[in-house]
Amino acid sequence: MEKLMLIDGNSIIYRAFFAMPPLTNSSGLHTNAVYGFTNMLLRIIQEEKPTHILVAFDAGKETFRHEGYQEYKGGREKTPSELSEQFPLMRELLESFGISWFELPGYEADDIIGTISKQGEESGREVLVVTGDKDMLQVVSDKVTVALTRKGISEVEPYGPKEIEEKYGLTPQQIIDLKGLMGDASDNIPGVPGIGEKTALKLLHQFGSVEEVLSRTDELKGKMKENLVNHAEDARMSKRLATIFREVPVERTWDDMVFNGLREETAVPMLRKLEFKSLLERLDLGGDTAGAGASAEPEQEVNVTIVDAGNLPELVEALPGIEAMHVESAGENPHHSTVMGMVLSTADRQFYISPEFLKSGEAEPVLAWLSDPTIKKRGYDLHRTDLALHWQDIPFAGADFDIQLAAYLLDPTEGDQTLSALAAKYGLSFLASDEEVYGKGAKFKVPDEETLSRHLARKCGAIAKIVPIQQAELEKNEMNRLFYELEMPLSRILADMEKQGVAVNRDALIELGKEFEAQINKLVSQIYEIAGQEFNLNSPKQLGEILFDKLGLPVIKKTKTGYSTDAEVLEKLAPYHEIVQYILEYRQLAKLQSTYVEGLLKEINVKTGKVHTYFRQTVAATGRLSSQFPNLQNIPIRLEEGRKIRKVFVPSEEGWLILGADYSQIELRVLAHISDDPGLKEAFLHDMDIHTKTAMDVFGVPADQVDANMRRSAKAVNFGIVYGISDYGLSQNLNITRKEAARFIDQYFDAFEGVRRYMDNIVRDAKRDGYVKTLLERRRYLPEINASNFNLRSFAERTAMNTPIQGTAADIIKLAMVLMDEALRSRGLRSRMLLQVHDELVFEVPPEELDIMTKLVPETMEKALDLSVPLKAEVSSGTNWYEAK
DNA sequence: ACGCTCACG
DNA sequence: ACGTACGTGAGCGTA
């Protein structure tokens, strides 16, 4: 027997919040309401053993009820931030449990539950509604039971028609009439003055309904009659407001709500994150106590054909109708990944193509389909797909919609971007996680072809379902241009850059390593000598013991685990003891040796002799790229010893050159534009030295009186402004007192009023909207912007100030990359774009193209986006990356 | 797996 | 009073 449990999420989480004592995890996150909710959820699952579950939430402030009555729910206390910050957590937790949830703007949780319970009973299923709200009793029937919470949320009391009759002497439908007469203070529903529960019940027992009472007021007398006559309209409206709407356009199917027991793989990490230790123990996860009744395999409908030479014609015939594709590849580094299989999905069936078949020579039609740029492909992480196929010599083109990339734009801070998390987020039927199917780490194992093909078919089906949902969301957020004209095209460009790779002079790198090694050895012996013993210099713990316990140096700073020995501390200790300087030099060289010499050597591809980084397009919250395997965005430059590393990055063809071009002060130029500050704009319109100009305005002196120290301070203030300034942060950076830093900041804002206004406005807007945006409509949500915890809130405020600046700069260089790619193609140039380092692009160019590229690259970068101040890019070239400075 | 340290913009 | 500058990734030691 199927049994559906519908939970009023808002009602339960509110009651849990007020019933539970305050509770936070170690990172200060409030968790008491989530804890209370989870506790009751698990208990009721255990008791009731539902086969289907859905949790409904209210969405947004305005509902259809406000259209007729603006005061609906008026006068309510604002939800405390300690509670509102728990809503996203609750949804995340439900997803991790494999429990479906739903909300829809304009409707309340009540209405969603009313609708689904009606559908449930109409199809003959048993329905249990869990809520703290008595109104819900109106949906009770033979098939629908309402469990009302008692004593906070620790107990529930089930109500069927019989219980309602016993307690009130009413039918479920009459509950609406009851509220029509007595009203509801908490929802600001007026009812009729002077009529409370007792009187209302008496009237209903006599007349049966609000309408009947109102039409027969002549049978009544006294004050009560007067009130009913005068407030007849209030009574009718109250009844309307109290009536649960049971025709909500709910986008959840019966299959979406299937509950197959707690999904331990995701539930356990989530419970750990929340630090719900007692729940973890009580559940005895590993046993089946939490799984309640259902333990059947979650089987989403798939109709998968394993493609072979025999049935290939079926696939060929289906190719025009392919809605989604998925290439499964194993391994973190997409340049060294193994293709496990591929699935193509039409509306009603899937085709699984094994790697063997794909490479067999018989798969020609599939290869033609994959490489045809005019055939639009929809998939998940098509960037990775492109690379995985490339290294199998299979060309790929025509990426049109990448759901991972879309998910990133819709919420760049969402940590779990796995396909199963996305499917859960969109409430699709259960999709097993890769970890469940393959295991992880050493236990990773490719399952049999039947299991694998079905898993991939489900993935592919999920992709096809997610695409239209995301299309609507992108449209709603005005992100179409950002997605289709910037990020999707960029994804292909990045893949091209990565495939191209950067040539590394291996011998020169080894040579450099030998130099470093000699210096390191010398330093190590000197340090051991001075310390009077040998120890592991790489261990902060052992180093701390030597410095502070043995040598008795003063402790400047502590970490969670002991003494801090970072460079900042060591700088301060240097005057006390000669060993410190050696340690600083050792640290510097050891870093170069392990990360850049040894690390880079390991990454040189044996086939190409190059390093092929992987630019991640969906991780940085601000819209920047990141670079991995190896990270080529943090190659040393600030200190000469490290900068030498750049000499080993060379052109891949004889006689070619490396050309680099970087934006000058792009973030401050963006700030000048978005703040519309006259002083800042003027500085850039005249292409002044921005730090000197800042010093002039902050210190109120002419240019010739700005000394090096003033300029240094001004530079630090400019950095601080971009980061979302705080006096503490600036004081740390400049090594001055907080008071002095605060004075600098005041003076800065006095000089640049427009910037002050921007900072105030952006924080205000973020508090109102819950997110901030870049010029190209890239969003970042800031759930903690209204937190009552000072630290969390302050951090969110600085992020609100910084993200539009850093993010717009990221938008701009991405635009420049798309334009540059097009310019190289249209002009038939052989030069190649190799790297992006946030404000810099690196190319390799044949000598005969040096002149044109020296003009073309900065011109293209400067025209990427039209701001109220000019963009400026500076270009240089040389025989290697070091020389291109 | 996590913290510390440090490389970059 | 609160105690952090914004955004990343890699290597190492320790648990």
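Chain letters run A, B, ... following the sequence lines, proteins first, then strands; residues in each count from 1. Basis for what follows: all heavy atoms, side chains included, without hydrogens, waters or symmetry-related copies.
- Residue Gly599(A) is classed as a sugar-phosphate contact, given heavy-atom separations below 4.0 Å to backbone atoms only.
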Nucleotide N/O to protein N/O under 3.5 Å, stretch nucleotides 4-7 of chain B:
unit_1: dC4(B); atom_1: OP1; unit_2: Thr559(A); atom_2: OG1; d: 3.4
unit_1: dC4(B); atom_1: OP1; unit_2: Lys560(A); atom_2: N; d: 3.1
unit_1: dT5(B); atom_1: OP1; unit_2: Thr565(A); atom_2: N; d: 2.7
unit_1: dT5(B); atom_1: OP1; unit_2: Thr565(A); atom_2: OG1; d: 3.2
unit_1: dT5(B); atom_1: O3'; unit_2: Arg587(A); atom_2: NH1; d: 3.2
unit_1: dC6(B); atom_1: OP1; unit_2: Arg587(A); atom_2: NH1; d: 2.9
unit_1: dC6(B); atom_1: OP2; unit_2: Ala567(A); atom_2: N; d: 2.8
unit_1: dC6(B); atom_1: O2; unit_2: Lys591(A); atom_2: NZ; d: 2.8
unit_1: dA7(B); atom_1: O4'; unit_2: Tyr596(A); atom_2: OH; d: 3.4
unit_1: dA7(B); atom_1: N3; unit_2: Asn634(A); atom_2: ND2; d: 2.9

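- By the neighbour-count criterion of 12 heavy atoms within 6.0 Å, atom OH of Tyr576(A) is sparsely surrounded, having that number or fewer from other residues, nucleotides or ligands.
- For Arg738(A) and dG3(C), a side-chain-to-base donor-acceptor distance below 3.5 Å is present, hydrogens and geometry of angles not being considered.
- OP1 or OP2 of dT4(C) has not a single side-chain nitrogen or oxygen of Arg798(A) nearer than 4.0 Å.
- Within the 4.0 angstrom heavy-atom criterion, only backbone atoms of the sugar-phosphate kind lie near Val837(A); the bases stay farther away.
- Taking only side-chain nitrogens and oxygens, Asn802(A) never comes nearer than 4.0 Å to OP1 or OP2 of dG7(C).
- Where stacking is scored as ring centres under 5.5 Å apart with planes under 30°, Tyr723(A) registers as stacked on the base of dC6(C).
- Between Ser627(A) and dT8(C) there is no side-chain polar atom (N or O) within less than 4.0 angstrom of OP1 or OP2.
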* **Pair pattern of DNA chain C in dot-bracket, where unpaired bases get dots and | marks partners in another strand, Watson-Crick or G-U under 3.5 angstrom** => .....|||||||||.

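- Applying the 3.5 Å distance criterion, the base of dC6(C) shares a donor-acceptor pair with the side chain of Gln806(A).
- Regarding contacts with the backbone of dC6(C), every side-chain N or O of Thr799(A) stays at 4.0 angstrom or more from both OP1 and OP2.
- Residue Asp662(A) is out of contact with every strand shown, counting any heavy-atom pair closer than 4.0 Å.
- Looking at heavy-atom distances under 4.0 Å, Gln542(A) makes contact with sugar-phosphate atoms alone, never a base.
- Arg624(A) has no side-chain polar atom (N or O) that falls below the 4.0 Å cut-off from OP1 or OP2 of dC8(B).
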